[in-house]
Amino acid sequence: MRHARAETINLNELPELCWATVAGVTVPLDPADHGLVLRLVELGFVPGERVRVVREGHPGGEPLAIRVGHTTFALRRYEAAFIRVTPEG
Amino acid sequence: MHDAALPQRIALLGNPNCGKTALFNLLTGSRQKVANYAGVTVERKEGVLRTMAGRRVAVLDLPGAYSLNAVSNDEAVTRDVITGHSQETLPDLLVCVADATNLRLHLRLVLEARRLGLPVVVALNKMDRALQLGIAVDKQRLARELNLPVVETVSIHAHGADELRALLDQPLQPCPPSHWRAPGIEQVMATQNDVLRIFQATVTSPSVDRDPSDRIDRFMMHPLWGFAVLGAVLFLTFLAVFSLGGWITGFIEEGTAWLGTTISATMAEGPLRGLLVDGVIGGVGGVLAFLPQILILFLFILALEASGYLPRAAFLLDRPMAAAGLSGRSFIPLLSSFACAIPGIMATRTITHWRDRLTTILIAPLMACSARIPVYTLLIAALFPHQPVAGALVMIGLYALGIVAAMTVAWVIKRADANHARSPLMMELPAYQWPDPRSIVIGLWERAMIFLRRVGTIILALTIVMWALYTIPSPRRTDEKTPIARSIAGEIGHALHYVFAPIGFNEEISIALVPGMAAREVVVSSLGTVYAMQGDEEQLDAQLTERIADEWPLAMKLSLLLWLVFAPQCLSTFVAVKRETGSWRQMWIMGGYLFGLAYLSSLITYQLTAFLTTP
């Protein structure tokens with residue numbers, strides 16, 4: 001399920017308002033994070049979905065308001081880092 | 001079809017924010033029962049609906065769940081109930097509620113529910129909103145793809161659930177039994193592929209780029225404008241609580257005063273009249289007077305939550321609250337605690353991270369609940385007579401003091417917790433929508449009942465006990481001047497006086513604080529009783545203010561104000577903490593630290609002020 005290509009980045013690195021397509025999720029090194037990644041997939045962060053960061057929290061750019069499909073989720077950067085995305089154009 | 005049974009018990013299953021509770025309210029109206037699931041503090045809502053043919057069917061509103069791979073108590077309860085791992089009777093039909101405007105997210109749970117071996121019906125909720133947004137759902141195709149009956153529902157229309165009611169008169173489709181096992185990531189991916197295929201085949205929606213929600217969010221969560229909006233919203237909320245709430249409270253006070261006078265006039269003088277007028281009507285009436293303020297605050301909270309705004313406020317405040325070791329999820333429970341700590345503590349159930357939840361529970365009593373308003377008002381009026389601006393500023397200061405103390409305590413707890421784990425956020429920011437009036441009325445009703453149950457039990461019992469303590473003379477204090485000083489309460493107050501002397505409380509305050517320990521609402525009325533005054537509430541307030549202004553030294557007034565900000569004078573809060581944490585230890589930690597904080601701050605204030613004001 002990982003299609004790591006050169007142009008993919010982690011979702012936490014995506015600039016505000018820039019659309020991207022989910023490429024996959026990273027398998028966590030810490031087993032404690034398995035549930036977290038599973039939940040991200042269940043919430044719709046699956047390959048092919050379009051996502052963008054609608055707003056970064058302040059101060060410190062935390063948390064992130066992320067639009068995926070018809071839903072917006074507030075994620076921490078730590079959580080968003082498990083999602084690989086390909087930015088559009 | 002060998003079994004033509006009709007459904008008798010159904011359960012509503014759905015994602016959070018799918019409009020499930022609004023649908024439940026529409027189906028059952030006021031015929032619902034709210035309790036907890038056995039052994040856990042998860043709300044269990046059950047009601048009765050009437051089908052189109054008029055049959056009565058029991059409906060269980062399951063806690064909202066994104067998935068049966070539970071990560072929260074709510075989701076674990078939902079999973080256990082529908083997989084038969086709980087004490088609940090297995091429902092004979094699952095109504096899977098899916099938001100028609102967000103099927104991409106909500107269809108996944110439908111596919112998961114289909115594997116349970118229970119008959120499933122899909123309720124496409126918020127169909128009206130889907131139409132407005134230009135989202136078209138091919139219902140027949142969806143039913144075919146899912147191989148499940150699909151009905152449309154609109155929770156905000158009186159007849160919005162008729163299609164579902166009619167379907168409940170159809171015999172149940174037999175279903176092969178099956179065993180649910182938690183899916184792994186591969187299976188979840190496969191399910192998501194199915195969801196995507198079905199979604200693409202059945203739903204046509206305009207491009208996401210045309211959704212206005214992102215533009216509203218850009219503004220609402222703007223680092224400058226977002227906070228300005230939040231400030232304005234909170235300002236208007238508290239303005240309404242104080243102005244409108246105070247106005248309605250005036251009527252309630254007049255009403256109870258009238259009732260007291262009427263009974264006094266018609267009943268013969270005696271202990272029973274004393275108990276009724278001074279004890280029951282005085283005590284319960286004094287407490288009921290807060291109900292308008294509590295309900296107005298909850299009206300705003302419920303409307304803001306239903307509109308989708310509160311999660312945005314939590315987003316904005318996540319980072320500032322992280323400085324104190326909390327997350328944005330603590331915002332709504334803490335806001336509720338300004339009305340009353342008990343619903344606030346109950347609202348912490350939405351915080352999935354246990355340490356965050358515990359911290360929020362422990363600091364919730366520091367938020368200035370509405371029961372503090374009359375005591376604050378009385379003391380401020382005595383401190384700053386005829387200076388409304390100074391008085392208002394001190395009132396705001398007392399609120400701020402509670403908030404600062406709460407943030408400091410949260411910070412200390414975070415520092416003390418060596419294995420402090422990262423607290424996750426993963427919070428949905430649901431689409432903005434108009435609040436459903438029916439659900440708000442039912443929500444207000446539930447909160448009013450929580451409060452009235454307290455009035456009916458703890459505070460009523462307390463008032464009667466206190467009346468007895470004030471009335472029954474103590475054999476060892478026969479040479480005291482006033483009846484109250486001669487009573488058992490007088491003796492208790494006298495003993496407590498030694499504890500409170502270093503913080504400047506005289507014997508009168510010590511006596512008044514005895515009932516006030518169990519419910520701070522009664523401090524004002526007991527102070528009045530102690531100063532042996534008669535008359536209606538308004539008169540009592542005016543007289544008390546004068547006596548306090550004249551007789552108490554400044555240090556004493558300040559010390560009592562500080563005491564009231566911190567002291568855990570609420571038995572119901574203790575009960576709620578014990579119930580929600582399931583631990584006596586946490587309850588005593590909460591009580592202990594609050595008493596310590598109250599005593600210490602009053603001690604410093606009293607001694608310092610006394611030292612500075614001594615000529």
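Labels below follow one simple rule: chain letters A, B, ... track the order of the sequence lines, proteins then strands, and each chain is numbered from 1.
- A:Val54 and B:Arg218 get closest at one heavy-atom pair: O-NH1, 2.8 Å.
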B:Arg108 and A:Val41: side chain to side chain contact (heavy atoms under 4.5 Å, CB included), yes or no, with the steps? CA-CA 11 Å; B:Arg108 208 195 57 77; A:Val41 173; over 6 Å; no
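- When the candidates B:Asn69, B:Val71, B:Asn17 are compared by the number of heavy-atom contacts under 4.5 Å with chain A, B:Asn69 comes out ahead.
- The choice from A:His58, A:His34, A:Arg55 that makes the most heavy-atom pairs within less than 4.5 Å of chain B is A:Arg55.
- Annotation: salt bridge (charged side-chain N to carboxylate O under 4.0 Å, His left out) contacts involving residues 66-78 of chain B, sequence neighbours excluded, comprise A:Arg39-B:Glu75.
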Quick one, A:His70 with B:Asp99, criterion side chain to side chain contact (heavy atoms under 4.5 Å, CB included). Give me CA distance, side-chain angles, the key distance, then yes/no. CA-CA 11 Å; A:His70 284 274; B:Asp99 180 348; over 6 Å; no
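- Residues passing the side-chain hydrogen bond (donor to acceptor under 3.5 Å, both in side chains) test with B:Ser72: none are found, sequence neighbours excluded.
- Residue-environment remark: CH2 (B:Trp434) stays at or below the threshold of 12 foreign heavy atoms within 6.0 Å.
- When atom types are taken as modelled, the side chain of A:Glu79 and the backbone of B:Leu425 share a donor-acceptor pair closer than 3.5 angstrom.
- The shortest non-hydrogen separation linking B:Leu429 to A:Ala65 is CD1-CB, 3.9 Å.
- Of the atoms belonging to B:Leu103, not a single heavy atom falls under 4.5 Å from chain A.
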Between A:Phe73 and B:Leu105, is a side chain to side chain contact (heavy atoms under 4.5 Å, CB included) present by the stated rule, with each step listed? CA-CA 12 Å; A:Phe73 287 101; B:Leu105 176 65; 4.2 Å; yes
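- With a threshold of 4.5 angstrom between heavy atoms, A:Glu56 approaches chain B through N, CA, C or O but not through any side-chain atom.
- Within the 4.5 angstrom heavy-atom criterion, only backbone atoms of B:Pro183 (N, CA, C, O) approach chain A.
- Of all the listed residues (A:Val46, A:Val37, A:Ile66, A:Val68), the one sharing the greatest number of non-hydrogen pairs under 4.5 Å with chain B is A:Val46.
- Within the 4.5 angstrom heavy-atom criterion, atoms from both the backbone and the side chain of B:Glu428 approach chain A.
- For B:Arg104, the part lying near chain A is the side chain, with the backbone staying farther off; criterion is any non-hydrogen pair under 4.5 Å.
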Determine whether B:Leu196 and A:Glu49 satisfy the following criterion, side chain to side chain contact (heavy atoms under 4.5 Å, CB included), listing intermediate values before the conclusion. CA-CA 10 Å; B:Leu196 194 63; A:Glu49 280 296 324; 3.7 Å; yes
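- If you take CG on A:Leu64 and CZ on B:Phe315, they are separated by 7.0 Å, rounding to the nearest 0.5 Å.
- Of the inter-residue distances, the one linking B:Met427 atom CE with A:Thr72 atom OG1 reads 11.0 Å to the nearest 0.5 angstrom.
- Sorted by first then second residue, the salt bridge (charged side-chain N to carboxylate O under 4.0 Å, His left out) pairs that include residues 307-330 of chain B, not counting sequence neighbours, are A:Arg76-B:Asp318, B:Asp217-B:Arg312.
- Residues of residues 219-228 of chain B that come within less than 4.5 angstrom of chain A, heavy atom to heavy atom, are B:Met221, B:His222, B:Pro223 in numerical order.
- Contact of B:Ser327 with chain A is made through backbone and side chain together, with heavy-atom distances under 4.5 Å.
- A distance of 6.5 Å separates CG of A:Leu43 from CE of B:Met426, quoted to the nearest 0.5 Å.
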